[in-house]
Colleague: 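Have a look at the structure that comes next, please.
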Amino acid sequence: MRRTFGCENSDVVIITVSRLTLKNGVDDIIRSLTFLPANYKLLVAGIGEDRDKLIALAEAKGVKGRVIFLGMVGREELPAVLRSADIFCRPSLSEGLGVAFLEAMVAELPTIATPVGGIPDFLKDGETGVFCQPRDPESLAKAVFRIQQESGLRDRLIRQGAAL
């Protein structure tokens with residue numbers, strides 16, 4: 001499935017599943033790509049009023065070729081789409097429970113989130129996910145690197161996230 005999205009096996013694929021609105025911080029994920037190597041790609045699953053702004057932002061930041069907008073992904077397709085990625089991320093500005101985080105954990109993806117709203121009720125930094133700071137793309141990029149580089153972290157996040 002990665003190849004259908006234009007991603008190679010050597011790419012690190014970050015995915016977000018959300019309504020495309022400011023509250024969900026998709027713009028911050030796009031901005032974080034400027035702090036990550038060129039083989040880091042972003043899959044954006046969802047629709048919303050900010051889609052055109054996000055496309056323009058990706059172009060303005062020089063990462064348009066690294067951001068793949070999937071549009072609405074159906075419930076039947078979502079598990080396979082999630083499993084095609086390496087990391088789930090939603091740097092929300094506000095959040096209730098956040099079912100998309102739990103779906104990502106079930107799909108065995110390490111998860112990056114912001115410590116806002118109800119997220120800290122289930123996501124514990126270094127145990128079931130990794131926190132980044134709201135409105136801080138560099139912090140998000142550091143969280144991605146942390147998952148990739150910290151010994152044993154990725155496996156622990158996958159195991160404990162799925163157990164949750």
Side-chain angles (χ1 to χ4, degrees), residues 1-2 5 7-37 39-46 48 54 63 66-68 70 73 75-164:
M1 184 166 277
R2 289 168 75 99
F5 302 137
C7 299
E8 301 295 325
N9 288 336
S10 59
D11 291 334
V12 177
V13 180
I14 302 164
I15 188 168
T16 192
V17 178
S18 71
R19 199 166 126 253
L20 305 183
T21 186
L22 178 63
K23 162 196 126 32
N24 290 326
V26 178
D27 60 322
D28 288 330
I29 310 172
I30 292 170
R31 286 182 178 94
S32 78
L33 292 175
T34 65
F35 298 100
L36 296 167
N39 68 315
Y40 283 66
K41 308 273 177 76
L42 172 62
L43 298 178
V44 179
L54 295 169
V63 296
R66 297 167 57 193
V67 181
I68 301 99
L70 303 177
V73 175
R75 288 278 171 215
E76 305 79 33
E77 301 167 319
L78 185 58
V81 171
L82 284 168
R83 286 187 187 103
S84 72
D86 299 298
I87 297 170
F88 176 85
C89 181
R90 186 194 289 174
S92 304
L93 304 181
S94 66
E95 195 71 56
L97 173 60
V99 173
F101 297 96
L102 301 176
E103 291 172 332
M105 290 175 182
V106 168
E108 299 184 338
L109 284 177
T111 301
I112 299 171
T114 49
V116 300
I119 296 171
D121 292 340
F122 64 89
L123 196 143
K124 306 297 180 202
D125 189 64
E127 295 178 24
T128 55
V130 171
F131 283 132
C132 66
Q133 294 306 305
R135 305 308 291 165
D136 188 343
E138 188 171 4
S139 170
L140 197 159
K142 287 177 181 177
V144 170
F145 284 138
R146 181 178 172 201
I147 289 171
Q148 298 298 104
Q149 296 171 355
E150 189 175 311
S151 178
L153 179 61
R154 178 181 183 76
D155 291 338
R156 184 171 62 249
L157 297 177
I158 290 170
R159 185 179 63 254
Q160 293 179 178
L164 173 72

Colleague: When I14 is tested against each of L36, L140, D86 for side-chain contact (heavy atoms from CB on, under 4.5 Å), which residue passes?
Modeller: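 So, applying the side-chain contact (heavy atoms from CB on, under 4.5 Å) to I14 and each of L36, L140, D86, only L36 qualifies.
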Colleague: Is a donor on one side and an acceptor on the other found under 3.5 Å between the side chain of R66 and the backbone of L33?
Modeller: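 Yes.
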Colleague: Test of understanding: with side-chain hydrogen bond (donor to acceptor under 3.5 Å, both in side chains), list the residues that count as partners of E103, not counting sequence neighbours.
Modeller: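 With sequence neighbours excluded, E103 shows a side-chain hydrogen bond (donor to acceptor under 3.5 Å, both in side chains) to R75, given in chain and number order.
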Colleague: Is there side-chain contact between L43 and V13, with at least one heavy-atom pair below 4.5 Å?
Modeller: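 Answer yes - side chains close enough.
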Colleague: Between CZ of R2 and CD of E8, what distance do you get to the nearest 0.5 Å?
Modeller: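 Output value for this atom pair is 9.0 Å.
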Colleague: According to side chain to side chain contact (heavy atoms under 4.5 Å, CB included), who are the partners of D136, at least two apart in sequence or on a separate chain?
Modeller: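 Expected list: Q133, E138, S139.
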Colleague: First locate atom OG1 of T111, then atom CE of M105, and finally report the distance between them rounded to the nearest 0.5 Å.
Modeller: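 These two atoms lie 4.5 Å from each other.
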Colleague: Is the backbone N or O of G152 less than 3.5 Å from a side-chain atom of D155, with the two atoms forming a donor-acceptor pair by type?
Modeller: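 Flag not set: sc D155 to bb G152 has no pair under 3.5 Å.
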Colleague: Check step by step if side-chain contact (heavy atoms from CB on, under 4.5 Å) holds for L97 and D121.
Modeller: CA-CA 8 Å; L97 173 60; D121 292 340; over 6 Å; no
Colleague: When you look at L164 and E127, which way does the side-chain contact (heavy atoms from CB on, under 4.5 Å) test go after all the steps?
Modeller: CA-CA 10 Å; L164 173 72; E127 295 178 24; over 6 Å; no
Colleague: Report all side-chain donor-acceptor pairs from residues 112-119 shorter than 3.5 Å, counting only partners two or more places apart or in another chain.
Modeller:
residue: T114; atom: OG1; partner: S92; partner atom: N; Å: 3.3
residue: T114; atom: OG1; partner: S92; partner atom: O; Å: 2.5

Colleague: Quick one: pull up CZ in R83 and CG in L109 and give me the separation to the nearest 0.5 Å.
Modeller: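 One gets 8.5 Å once the value is rounded to the nearest 0.5 Å.
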Colleague: Do F5 and K41 make a side-chain contact, defined as non-hydrogen atoms from C-beta onward lying under 4.5 Å apart?
Modeller: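 Result no, sub-4.5 Å side-chain heavy-atom pair not found.
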Colleague: Any chance you could measure L70, atom CG, to I15, atom CD1, to the nearest 0.5 Å?
Modeller: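 If we round to the nearest 0.5 Å, L70:CG and I15:CD1 are 6.5 Å apart.
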Colleague: Using the rule given for salt bridge (charged side-chain N to carboxylate O under 4.0 Å, His left out), can you reason through R90 versus E95, listing the C-alpha separation, both sets of side-chain angles and the distance that settles it, and then say yes or no?
Modeller: CA-CA 10 Å; R90 186 194 289 174; E95 195 71 56; 3.1 Å; yes
Colleague: Pair up each side-chain donor or acceptor in residues 23-31 with any protein partner under 3.5 Å, not counting sequence neighbours, and list the distances.
Modeller:
residue: K23; atom: NZ; partner: S94; partner atom: O; Å: 3.0
residue: N24; atom: ND2; partner: R19; partner atom: O; Å: 2.9
residue: D27; atom: OD1; partner: R135; partner atom: NH1; Å: 3.2
residue: D27; atom: OD2; partner: R31; partner atom: NH1; Å: 2.8
residue: D27; atom: OD2; partner: R135; partner atom: NH1; Å: 3.2
residue: D27; atom: OD2; partner: R135; partner atom: NH2; Å: 3.0
residue: D28; atom: OD2; partner: R135; partner atom: NH1; Å: 3.1

Colleague: What closest approach, in Å, do S32 and A141 show between heavy atoms, and which atom pair accounts for it?
Modeller: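 It is O-CB, 4.0 Å.
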Colleague: Could you tell me whether the side chain of V44 reaches within less than 4.5 Å of the side chain of I68, counting heavy atoms only?
Modeller: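 No, too far: nothing below the 4.5 Å cut-off.
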Colleague: Could you check whether any side-chain N or O of R154 sits under 3.5 Å from a backbone N or O of I147, counting only pairs where one atom can act as donor and the other as acceptor?
Modeller: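 Side chain of R154 to backbone of I147, a donor-acceptor pair under 3.5 Å: no, none is there.
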Colleague: Using a 6.0 Å cut-off, check whether atom NZ of K142 has over 12 heavy atoms from anything other than its own residue.
Modeller: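 No, not enclosed.
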Colleague: If I compare all heavy atoms of F131 with all of P120, which pair ends up nearest, and what's the gap?
Modeller: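 Heavy atoms of F131 and P120 come nearest at CZ-CA, 4.2 Å.
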Colleague: Return yes if some donor-acceptor pair links the side-chain N/O of S18 with the main-chain N/O of T16 below 3.5 Å, else return no.
Modeller: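 No; judged by distance alone, with no hydrogens or angles, the pair does not exist.
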Colleague: Would you mind reporting whether M1 and V81 have side-chain heavy atoms less than 4.5 Å apart?
Modeller: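 Yes; the side chains approach each other to less than 4.5 Å.
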Colleague: Per the ring-ring contact (aromatic ring centres under 6.0 Å, His included) rule, what does the pair list look like for residues 78-98, sequence neighbours excluded?
Modeller: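 Pairs touching residues 78-98 that pass the test: F88-F101.
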Colleague: In chain order, what residues pass the side chain to side chain contact (heavy atoms under 4.5 Å, CB included) check against E150, with sequence neighbours excluded?
Modeller: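 In terms of side chain to side chain contact (heavy atoms under 4.5 Å, CB included), with neighbours along the sequence ignored, E150 is linked to R146, L153, R156.
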Colleague: Is any side-chain heavy atom of V130 closer than 4.5 Å to a side-chain heavy atom of V144?
Modeller: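 No, their side chains stay 4.5 Å or more apart.
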Colleague: With the side chain counted from C-beta on, respond yes when L157 and T128 share a heavy-atom pair under 4.5 Å apart, and no when they do not.
Modeller: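 No, side chains not in contact.
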Colleague: Taking the side chain as C-beta and beyond, is there a heavy-atom pair between Y40 and F145 under 4.5 Å?
Modeller: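 Yes; the side chains approach each other to less than 4.5 Å.
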